Protein chains: 2
Amino acid sequence: MTELTANGGPTARERLLDAAVEAFAEKGFAATTTRDIASRAGMSPAAVYVHHDSKESLLYRVSLDGHTHALRIITEAAATTDSPTERVRQMVHDFSLWHADHSRVGRIVQYEYHALTDEHRAEIGTYRRKIEQTMQNALTEGVDQGVLAVDDIPGTAFALLSLGIDLVRWFEPGGSWTGEGLADLHARLAVRMTSA
Amino acid sequence: MTELTANGGPTARERLLDAAVEAFAEKGFAATTTRDIASRAGMSPAAVYVHHDSKESLLYRVSLDGHTHALRIITEAAATTDSPTERVRQMVHDFSLWHADHSRVGRIVQYEYHALTDEHRAEIGTYRRKIEQTMQNALTEGVDQGVLAVDDIPGTAFALLSLGIDLVRWFEPGGSWTGEGLADLHARLAVRMTSA
DNA sequence: GTCTATAAATTGATAGAC
DNA sequence: GTCTATCAATTTATAGAC
């Protein structure tokens with residue numbers, strides 16, 4: 001999304017990544033052919049391999065960018081306030097909103113984890129654990145200050161993240177739900193789930 | 001699971017279905033080969049087609065059985081009590097427990113929906129809507145009686161179901177979580193999310 | 001950096017012997 | 001109802017011309 005050609009349009013490498021996101025989200029990684037990706041990018045099948053090493057390396061790049069972005073969203077949300085209640089509200093809100101606003105990338109991030117190579121899966125796994133740890137830390141601080149009541153911190157952290165993650169399974173932009181509406185709902189539910 | 005041979009063991013058809021569950025849950029539908037399924041069932045590649053029409057018909061059978069089972073679980077949970085609060089607690093508990101106890105089937109049910117044929121997907125979709133409607137009905141009755149406080153009933157119903165559904169993404173039997181522990185946690189969170 | 005052409009392997013499914 | 005053998009199509013990836 002950052003590279004630009006002289007005429008201001010996306011590079012061929014970027015167009016292929018965007019096409020891969022479309023295809024992987026729509027049909028899944030294994031059911032997507034490199035021909036499909038090339039065709040969506042308006043190129044021949046061979047052009048894929050000029051810009052990317054393999055089909056899996058396209059998945060790795062999409063997955064890495066997605067995890068990096070999601071981690072940044074939740075980390076920044078955690079830093080917006082000193083109030084643990086408001087912090088949890090903001091984290092759940094922004095995490096759910098990101099998944100709604102990036103539901104195609106989110107679907108790839110969440111559902112194609114197993115399709116990565118062992119090495120790539122191990123690397124991506126560190127991002128997942130950081131996201132989980134960030135949520136657990138917010139709950140722990142709230143409990144320590146006495147403003148949150150959470151008896152199972154890891155389990156509740158998983159549950160709060162599940163609200164955002166699971167929406168990529170069914171959310172479609174332009175449907176009867178807006179990302180903001182869902183994010184607000186999840187944020188309110190999160191406060192009820194955790195406040196003392 | 002119900003057919004038996006003269007010696008009491010599962011039929012070849014059943015063994016192939018069990019093998020398909022294993023393989024689809026582990027690698028995904030598209031990445032699973034019919035050779036893999038046959039091999040897990042201890043049979044030749046051709047034997048698959050003596051007992052099943054196609055790879056997709058195996059997925060349809062697994063998906064139909066899974067959805068039927070999940071709908072029965074949540075319907076029976078809804079009928080165990082007249083108290084709306086206890087009803088929601090029981091529904092969330094049993095729905096999450098079923099997903100933990102059947103996490104492989106649950107993964108197929110939830111993640112391979114798009115791999116079904118159009119006709120099969122339409123049929124399975126009716127089960128999904130019944131599950132969602134059952135949860136919405138429980139919330140509506142509790143709000144009408146004044147014992148639950150839920151301002152977005154469809155959204156909250158989705159969120160309650162998400163707790164169970166999303167655990168199939170990461171839950172593994174024998175890990176640090178038990179199904180009962182998760183189900184209890186989700187049930188308690190559900191009460192906090194909905195009680196007046 | 002793009003293309004056409006194709007290699008090399010794998011796939012879902014079938015034929016036909018036993 | 002099981003097998004071996006195989007078909008026909010499709011797949012990822014590469015070779016080589018422009």
Side-chain angles (χ1 to χ4, degrees), chain A residues 3-24 26-63 108 112 114-120, chain B residues 3-63 108 112 114-121:
Chain A
E3 303 166 58
L4 289 177
T5 53
N7 65 26
T11 62
R13 179 182 158 82
E14 273 292 317
R15 273 158 51 217
L16 286 163
L17 275 173
D18 291 343
V21 168
E22 259 188 52
F24 292 162
E26 189 178 311
K27 312 161 70 166
F29 174 76
T32 296
T33 66
T34 54
R35 279 168 172 75
D36 185 11
I37 295 169
S39 163
R40 286 175 196 251
M43 305 170 85
S44 76
V48 172
Y49 297 92
V50 175
H51 303 282
H52 298 277
D53 288 341
S54 65
K55 191 173 100 164
E56 193 274 342
S57 86
L58 277 161
L59 174 62
Y60 168 65
R61 182 48 55 182
V62 171
S63 189
I108 299 164
E112 304 297 349
H114 70 284
L116 294 164
T117 63
D118 290 346
E119 290 77 11
H120 287 161
Chain B
E3 302 167 57
L4 289 177
T5 53
N7 67 25
T11 63
R13 180 183 158 81
E14 273 292 317
R15 274 158 52 217
L16 286 163
L17 274 172
D18 290 344
V21 168
E22 259 189 50
F24 292 162
E26 188 178 313
K27 312 162 69 166
F29 174 76
T32 295
T33 66
T34 53
R35 280 167 175 75
D36 185 11
I37 294 169
S39 163
R40 287 176 196 251
M43 305 170 86
S44 75
V48 173
Y49 296 93
V50 175
H51 302 283
H52 298 277
D53 287 343
S54 66
K55 189 172 101 162
E56 193 273 343
S57 85
L58 277 162
L59 173 63
Y60 168 65
R61 181 50 55 180
V62 172
S63 190
I108 298 164
E112 304 298 350
H114 70 284
L116 294 164
T117 63
D118 289 346
E119 290 77 11
H120 288 162
R121 197 176 329 106

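The structure displayed is predicted, hence computed values, not measured ones. To find a chain, count down the sequence lines: A is the first, B the second, and so on, and within it residues start at 1.
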If every non-hydrogen atom of [X] is compared with every non-hydrogen atom of [Y], which pair is closest and at what distance?
X       : Y        : result
B/Ser44 : B/Ala38  : O-CB, 3.3 Å
A/Leu59 : A/Ala115 : CD2-CB, 3.7 Å
A/Ser54 : A/Tyr49  : CA-CE2, 4.1 Å
A/Val48 : A/Leu58  : CG1-CD1, 4.2 Å
A/Thr32 : A/Lys55  : O-NZ, 2.7 Å

Reading DNA chain C from 5' to 3', where do the contacts with chain A start and stop? Cut-off is 4.0 Å to heavy atoms.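 Result: C/dT2 to C/dT6.
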So, using side chain to side chain contact (heavy atoms under 4.5 Å, CB included) as the criterion, who are the partners of B/Ala12 when residues are at least two apart?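 Side chain to side chain contact (heavy atoms under 4.5 Å, CB included) check on B/Ala12 returns B/Arg15, B/Met43, B/His51.
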For D/dA13, take OP1 and OP2 only and decide whether either is under 4.0 Å from a side-chain N or O of A/Tyr49.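 For A/Tyr49, the contact criterion (side-chain N or O under 4.0 Å from OP1 or OP2 of D/dA13) is met.
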For A/Arg40, give me all partners under side chain to side chain donor-acceptor pair (under 3.5 Å), at least two apart in sequence or on another chain.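 For A/Arg40, the residues satisfying side chain to side chain donor-acceptor pair (under 3.5 Å) (neighbours in sequence not counted) are A/Glu22, A/Glu26, A/Asp36.
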Using the test side chain to side chain donor-acceptor pair (under 3.5 Å), find all partners of A/His120 that sit at least two apart in sequence or belong to another chain.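 Residues passing side chain to side chain donor-acceptor pair (under 3.5 Å) with A/His120: A/Glu56, A/Thr117.
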Identify, between B/Arg35 and B/Ala12, the residue whose nearest nucleotide on DNA chain D lies closer to the 5' end.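 Between the two, 5'-proximity favours B/Ala12.
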For DNA chain C, the residues among residues 51-63 of chain A that have a non-hydrogen atom under 4.0 Å from it: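 Contacts with DNA chain C under 4.0 Å: A/His51.
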Just to be sure I understand the geometry, which residues of residues 36-46 of chain B put a non-hydrogen atom under 4.0 Å away from DNA chain C?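 Residues of residues 36-46 of chain B that come under 4.0 Å of DNA chain C are, in numerical order, B/Ala46.
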Full working for side chain to side chain contact (heavy atoms under 4.5 Å, CB included) between A/His52 and A/Arg13: CA-CA 7 Å; A/His52 298 277; A/Arg13 179 182 158 82; 3.3 Å; yes
Kindly compute the distance separating CG (B/Leu116) from CD (B/Glu112), expressed to the nearest 0.5 Å.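 Between B/Leu116 CG and B/Glu112 CD, I get 8.5 Å after rounding to 0.5 Å.
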With a 4.0 Å cut-off on heavy atoms, is B/Thr32 in touch with a base, just the backbone sugar-phosphate, or nothing at all?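 Sugar-phosphate only.
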